[in-house]
Amino acid sequence: MLDKAFDPQTAEPRLYEAWETSGVFKPSGAGEPFTIVIPPPNVTGSLHMGHALNNTLQDVLCRFERMRGRSVLWQPGTDHAGIATQMVVEREMAKRQEPRRTEIGREKFLEKVWAWKAESGGTIISQLKRLGASCDWSRERFTMDEGLSNAVRKVFVQLYREGLIYRDKRLVNWDPKLVTAISDLEVENTEVSGHFWHFKYPLEGGATYQFPIAHDEDGNPTEWETRDYISIATTRPETMLGDGAVAVHPSDKRYAPIVGKKCLLPLADRYIPIITDEYPDPDFGSGAVKITGAHDFNDYKVAQRNNIKLYILMDERARMLDADYIPEKYRGLDRFEARKQVVADIDARGLLIKVEDKKIMQPFGDRSNVVIEPMLTDQWYVDAEQLAKKAIDAVLDGKTKFTPENWTKTYFQWMRNIEPWCVSRQLWWGHQIPAWYGPDGHIYVAETEEDAMKDAIIRLTAEGYSLEDINNMRRHEGGEGPLLVRDEDVLDTWFSSALWPFSTLGWPEDASASSQGGKQSLLAKHYPTNVLVTAHDIIFFWVARMMMMGTHFMKDVPFKDVYIHALVLDEKGQKMSKSKGNVIDPLTLIDKYGADALRFTLAAMAAQGRNIRLSEARVEGYRNFGTKLWNAARFCEMNGCVFDEGFKPAMAKETLNQWIIHEAGKAAAETMGALESYRFNDAAGAVYRFVWNVFCDWHLELTKPILMGPDCAAKTETQQATAWVLSEILKLLHPFMPFVTEELWRETAARPKALAVTSWPAPGDFPAAEKAAEEINWVIGLITAIRSARAEMNVPAGAKIPMIAVGADASVSLAIDANRDLIARLARLDEIHLASTSPKGAVQIVHEGGVYALPLAGVIDIDAEKSRLKKEFDKCVKEIETIYKKMSNPNFVDKAPVEVVEENRERRIAFVERQEKLTAALKQISEA
RNA sequence: GGGCGCGUAGCUCAGCGGUAGAGCACUACGUUCACACCGUAGGGGUCACAGGUUCGAACCCUGUCGCGCCCACCA
């Protein structure tokens with residue numbers, strides 16, 4: 001006996017464990033492989049709505065394909081998340097008032113991080129399990145596993161040898177709080193209220209020039225003033241201390257007289273040249289730009305082009321350096337303190353022209369949220385431009401397809417304008433860069449220190465050093481110093497993520513073993529993966545990089561499809577964030593409504609190309625749907641609808657059964673088609689409508705007269721057919737609602753295997769039955785029409801009344817005869833007669849093929865009935881007019897497709913017939 | 001400055017060339033033995049606006065007005 005209701009709280013963990021222990025999530029069978037690699041959540045993470053959506057969709061696909069017989073591998077794992085994890089651990093240490101990271105040293109600190117990972121790193125995994133994610137957990141990976149770390153080293157070394165990774169000194173985005181370089185993508189440009197300070201830089205030796213201050217209509221100057229300075233403007237005054245020049249556009253006539261001269265850089269008291277360069281925009285500001293090569297990306301380029309000296313102003317924490325070109329009073333000041341000082345001092349010297357309020361775009365670190373400082377440092381770079389070529393081609397050639405398609409544009413736009421990727425980070429948690437510095441200043445890049453050492457000895461020997469010399473170098477640092485010193489930095493977390501689709505499958509070890517022993521390696525079997533499911537905010541960070549690494553190292557794309565799903569927003573359409581306090585916790589919803597309800601909601605709302613505004617009411621609604629299903633199963637159980645292995649749908653003789661099988665087939669086809677094209681919402685909608693609006697609302701109601709009637713062949717068949725359809729429903733619904741369906745699967749019959757690995761319905765399983773469909777749909781239409789008329793005429797819901805089918809033709813009387821009990825029960829009729837004329841004063845229902853009279857003379861309100869019929873009549877007239885207008889347009893008849901014309905012709909006939917009947921009914925009621 | 005997307009029932013959203021839809025909310029009725037997490041019936045929309053293409057437009061094109069998001073070096 002099924003319980004009164006499904007209890008997700010107790011059932012879900014139990015069912016999940018059963019799946020896991022029986023190994024149904026492992027790839028199995030000879031079926032075509034189907035592979036998804038999970039976007040690895042941060043080890044520090046806990047499940048948020050984005051994860052819930054992302055993993056629900058992946059799970060829907062995996063469960064669907066698994067049931068279709070594919071050998072499904074959903075490869076799970078987590079990401080070490082360099083900066084995030086290091087921050088978390090450091091914060092914990094601070095909270096416990098432990099010594100800082102820098103005090104305990106690298107090794108001790110890393111031990112702490114690993115300890116933290118062991119203790120708290122698994123939360124997201126258990127949360128994914130609560131969602132029902134059918135990953136093969138036996139294959140769980142971590143980006144800092146040994147295997148994956150090997151892959152990282154191998155990739156780094158190979159790219160280095162190919163010249164695609166190099167070390168370079170250039171301007172980089174520097175995070176002064178985290179004290180590390182970050183990549184362009186980790187910088188968020190935000191508009192803030194700032195200021196625009198206009199300064200005078202006096203000309204050397206008191207030189208003067210005529211500067212135009214008024215112009216006529218043609219733009220020719222009409223008035224001049226004598227100036228002994230050049231006017232520049234800046235949003236970051238403290239950087240002026242590092243100016244190396246002032247630049248104007250070569251075509252800017254205003255400054256032509258002073259180009260080539262020098263001006264005084266105030267405060268720093270240096271003279272800097274006034275140069276020309278294409279960069280300044282004569283129409284913006286004064287048209288003259290101060291060039292601070294070491295602290296601005298544009299200025300850097302100008303400085304490079306013009307050979308302008310660079311002055312580094314700040315240290316790693318953005319404090320003013322102790323350098324001889326910086327006046328003493330500013331040294332050691334924080335950059336924002338220095339700014340205030342500089343402005344005050346310029347003002348004091350009478351060189352401040354004005355200060356404007358201005359909205360400026362300011363770069364912030366996405367993790368630290370502090371202003372990013374462009375800094376001149378040595379870093380490692382990946383030549384992304386080279387790697388991007390194959391990644392672009394792969395999408396052009398259709399080897400990888402984006403769904404929805406327009407994300408292709410975003411991908412191309414970024415890939416075609418890609419900049420070198422800075423991959424070194426001045427952190428400790430991550431993959432340490434496999435590069436060693438030799439005593440000769442040379443860099444040895446190798447997978448292991450031994451290899452690097454060998455390279456070093458070979459090279460040094462070739463340079464003429466003897467082994468003894470080399471040993472002396474080793475002892476150089478007071479005795480036992482190492483010969484080589486390893487680069488301290490670690491790699492950007494996304495570097496290892498970029499390898500995820502093949503590193504998790506065993507590359508590089510598995511790659512070499514791929515053709516051995518006739519057994520296909522996992523890598524060969526599951527790479528390229530079938531689809532990557534992710535949100536658009538990660539296309540650049542991750543998708544693009546996997547494409548680059550995959551096409552380069554595997555010579556093939558990492559995935560055939562990229563399905564980009566929506567962002568989950570709150571009800572008002574705002575991004576959920578802790579600071580806004582609008583976060584809806586998926587686990588809270590799971591606790592309250594069950595994982596199935598949340599999953600179904602997310603799938604049902606996952607329409608392509610739109611964001612999801614999640615509302616709890618919707619989740620509640622789908623929880624109710626689960627309950628509805630549960631109760632339908634209970635109904636089946638109570639009425640002897642037991643699943644029978646021997647029942648084959650083609651055996652069904654009863655019209656009702658043929659009909660529901662036919663309808664189930666339509667729903668199955670719709671669901672499958674939608675899933676195959678990633679239209680999750682359509683798939684969910686198709687099952688939903690079938691289960692609730694067809695199976696529950698009609699089929700189960702229509703079976704009642706039979707199931708509650710005497711035993712007979714029809715009853716037996718109906719029991720079997722109904723149980724069979726319920727089974728099919730469980731299959732169709734399983735990818736979306738795995739828990740409740742699996743529970744019903746095992747509770748409603750003795751089954752050989754779990755629903756999770758039961759075959760998905762095949763199209764041929766549902767014999768089509770157009771005739772049966774037509775008949776039952778007619779019955780449904782009639783019942784609906786009667787109910788509607790009853791309600792409108794205020795016939796008490798409980799009252800059983802007779803009905804007379806007036807002037808029924810042969811097919812109608814046959815249909816009535818065949819479905820007498822069904823119609824009577826659902827329309828609450830006590831008898832159904834056939835007659836040639838309608839009795840006086842009856843409610844007359846015009847429905848396909850006839851008029852159906854409810855003889856309520858004396859009970860009904862004649863005027864109400866009149867207006868009811870009139871309303872229907874008017875509607876009918878309107879429809880006929882519309883159709884008539886169309887049909888009388890020769891262009892329509894000529895140019896519209898024949899089916900459309902034909903359809904309209906048929907509709908016109910039907911409506912005209914209906915109109916005639918309504919006219920007659922109106923006439924009759926008026927005579928009453 | 002470029003790019004993408006969105007304005008459809010009170011709310012959240014489907015539909016994207018051929019009779020305007022769902023869920024929730026709302027109204028009325030209902031102790032029909034699966035289900036009130038329910039049932040039955042119902043109200044509610046010039047599909048942002050203006051042009052155009054078409055026999056036909058919520059849907060395609062152009063423009064306008066609102067609203068998001070992404071990229072970008074205007075000091």
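Each chain gets a letter, A, B and so on, in the order its sequence line appears, and its residues count up from 1.
- For the C1' atom pair drawn from B:rU8 and B:rU54, the interatomic distance equals 22 Å after rounding to whole Å.
- If you take CD of A:E191 and C1' of B:rC71, they are 15 Å apart, rounded to a whole angstrom.
- Residue A:N889 is in sugar-phosphate contact alone, with no base atom involved, counting any heavy-atom pair closer than 4.0 Å across all strands shown.
- Using a 4.0 Å cut-off, some side-chain N or O of A:S788 falls inside it from OP1 or OP2 of B:rG42.
- Of the P atoms belonging to B:rU64 and B:rC70, the separation is 24 Å, rounded to the nearest Å.
- An OP1 or OP2 oxygen of B:rC74 is reached within less than 4.0 angstrom by no side-chain nitrogen or oxygen of A:N298.
- Comparing the C1' positions of B:rU46 and B:rA20 gives a spacing of 13 Å, expressed to the nearest Å.
- With values rounded to the nearest 0.5 angstrom, A:L313 atom CG is found 10.5 Å from A:M240 atom CE.
- Checking B:rA75, B:rC38, B:rA41 against the side-chain heavy atoms of A:Y279 singles out B:rA75 as nearest.
- Using modelled atom types, one finds no donor on one side chain facing an acceptor on the other under 3.5 Å when comparing A:T235 with A:K358.
- Nearest nucleotide to the A:E701 side chain, out of B:rA75, B:rC35, B:rC55: B:rC35.
- Nearest to the side-chain atoms of A:A797 among the listed nucleotides B:rC74, B:rG2, B:rC29 stands B:rC29.
- Annotation: B:rA50 and B:rA58 have their C1' atoms spaced 16 Å apart (nearest Å).
- A straight line from CZ of A:F625 to P of B:rG39 spans 12 Å, rounded to a whole angstrom.
- Using a 4.0 Å heavy-atom criterion, one finds that A:R907 contacts the bases of the nucleic acid, with or without backbone contacts as well.
- Among the nucleotides B:rC55, B:rA75, B:rU12, the one closest to any side-chain atom of A:P897 is B:rC55.
- Relative to the side chain of A:M361, the nucleotides B:rC37, B:rU19, B:rA72 differ in distance, and B:rA72 lies closest.
- Spacing between atom CD of A:E616 and atom C1' of B:rC37 amounts to 14 Å, rounded to whole angstrom units.
- Judged by Watson-Crick or G-U wobble contacts below 3.5 Å, the nucleotide B:rU31 has no partner.
- With both ends at atom C1', the span from B:rU62 to B:rC26 equals 40 Å, rounded to whole Å.
- Residue A:K704 places at least one side-chain N or O under 4.0 Å from the OP1 or OP2 atom of B:rA34.
- Nearest-nucleotide assignment on RNA chain B puts the 5′-proximal partner with A:N693, out of A:N693 and A:D283.
- Rounded to whole Å, the separation between the C1' atoms of B:rG42 and B:rG3 comes to 47 Å.
- Of the nucleotides present, B:rC11 is the one that pairs with B:rG23 by Watson-Crick or G-U wobble criteria, both distances under 3.5 Å.
- For A:R825 and A:I360, each mapped to the nucleotide of RNA chain B holding its nearest heavy atom, the one lying further toward the 5' end belongs to A:R825.
- Counting any heavy atom pair closer than 4.0 Å across all strands shown, A:C636 reaches no nucleic acid atom.
- Listed pair A:K409 / B:rC4 meets the phosphate criterion, a side-chain N or O lying under 4.0 Å from OP1 or OP2.
- Side chain A:R787 to base B:rU40: no donor-acceptor pair is found below 3.5 Å.
- Considering only side-chain N and O atoms, A:W692 lies nowhere under 4.0 angstrom from the phosphate OP1 or OP2 of B:rA34.
- As judged by a 4.0 angstrom heavy-atom cut-off over every strand, A:P280 is placed among the base-contacting residues.
- Within the shown strands, B:rC71 is the pairing partner of B:rG1 under the Watson-Crick or G-U definition, both distances less than 3.5 Å.
- Using a 3.5 Å distance cut-off with no hydrogens or angles, the side chains of A:H195 and A:E356 do not pair a donor with an acceptor.
- Within the structure, every side-chain polar atom (N or O) of A:N417 is placed at least 4.0 Å from both OP1 and OP2 of B:rA72.
- Taking the six-membered ring where tryptophan is involved, the planes of A:Y563 and A:H565 are tilted, since the angle between them lies from 30° to 60°.
- A donor atom on one side chain and an acceptor atom on the other are found under 3.5 Å apart for A:H699 and A:T722.
- Of all nucleotides present, only B:rU64 satisfies the Watson-Crick or G-U wobble test against B:rA48, with each distance under 3.5 Å.
- Closest contact between the side chain of A:M708 and the listed nucleotides B:rA41, B:rA34, B:rU19 involves B:rA34.
- Taking only side-chain nitrogens and oxygens, A:K358 comes nearer than 4.0 Å to OP1 or OP2 of B:rA75.
- A donor-acceptor contact under 3.5 angstrom links the side-chain atoms of A:R623 to the base of B:rC37.
- When rounded to the nearest whole Å, the span between CG of A:N406 and P of B:rC69 equals 18 Å.
- Among the atoms of the strands shown, none is found under 4.0 Å from any heavy atom of A:T882.
- Annotation: cation-pi pair A:R908/A:F911 absent, no NZ/CZ under 6.0 Å from the ring centroid and within 45° of its normal.
- Checked against the 6.0 Å centroid criterion, the rings of A:W407 and A:Y411 do not qualify as a close aromatic pair.
- Counting only heavy atoms from C-beta on, A:K886 has its side chain closest to B:rG18 among B:rC69, B:rG18, B:rA75.
- Of the candidate nucleotides B:rC74, B:rC55, B:rA34, B:rA34 has the atom nearest to the side chain of A:N631.
- Which of B:rA75, B:rA72, B:rU32 sits closest to the side chain of A:R828 comes down to B:rU32.
- Here B:rC74 presents its P atom at 16 Å from NZ of A:K359, a figure rounded to the nearest Å.
- The aromatic rings of A:F625 and A:W692 lie parallel to each other, their planes meeting at an angle below 30°, with 60° marking the opposite boundary.
- A distance of 6.0 Å or more separates the ring centres of A:Y201 and A:Y229.
- A:G287 comes within 4.0 angstrom of a nucleotide base, judged by non-hydrogen atoms across all strands.
- Protein atom CE of A:M638 is 9 Å distant from nucleotide atom C1' of B:rC35, rounded to whole Å.
- Summarising the base pairing, B:rU53 is matched to no nucleotide, lacking a Watson-Crick or G-U wobble pair whose two defining distances lie under 3.5 Å.
- Taken residue by residue, residues 898-906 of chain A places heavy atoms nearer than 4.0 Å to RNA chain B at A:V900.
- The same atom, C1', is picked in B:rA25 and in B:rC67; the two are 25 Å apart, to the nearest Å.
- For B:rG17, there is no paired base (Watson-Crick or G-U wobble, both distances below 3.5 Å).
- Contact check on A:E385 versus A:R416 returns no salt bridge, with no Lys/Arg side-chain nitrogen under 4.0 Å from an Asp/Glu carboxylate oxygen.
- The P atoms of B:rC33 and B:rU40 are separated by 14 Å, rounded to the nearest whole Å.
- Out of B:rA75, B:rA34, B:rA72, the shortest distance to the side chain of A:N189 is found at B:rA72.
- What separates CD of A:E792 from C1' of B:rG43 is a distance of 12 Å, to the nearest Å.
- A 4.5 Å side-chain heavy-atom check between A:I291 and A:Y300 finds every atom pair outside the cut-off.
- Side-chain contact annotation: A:R236 with A:T234, donor-acceptor N/O pair under 3.5 Å absent.
- Rounded to a whole Å, the CH2 atom of A:W414 is 17 Å from the C1' atom of B:rC4.
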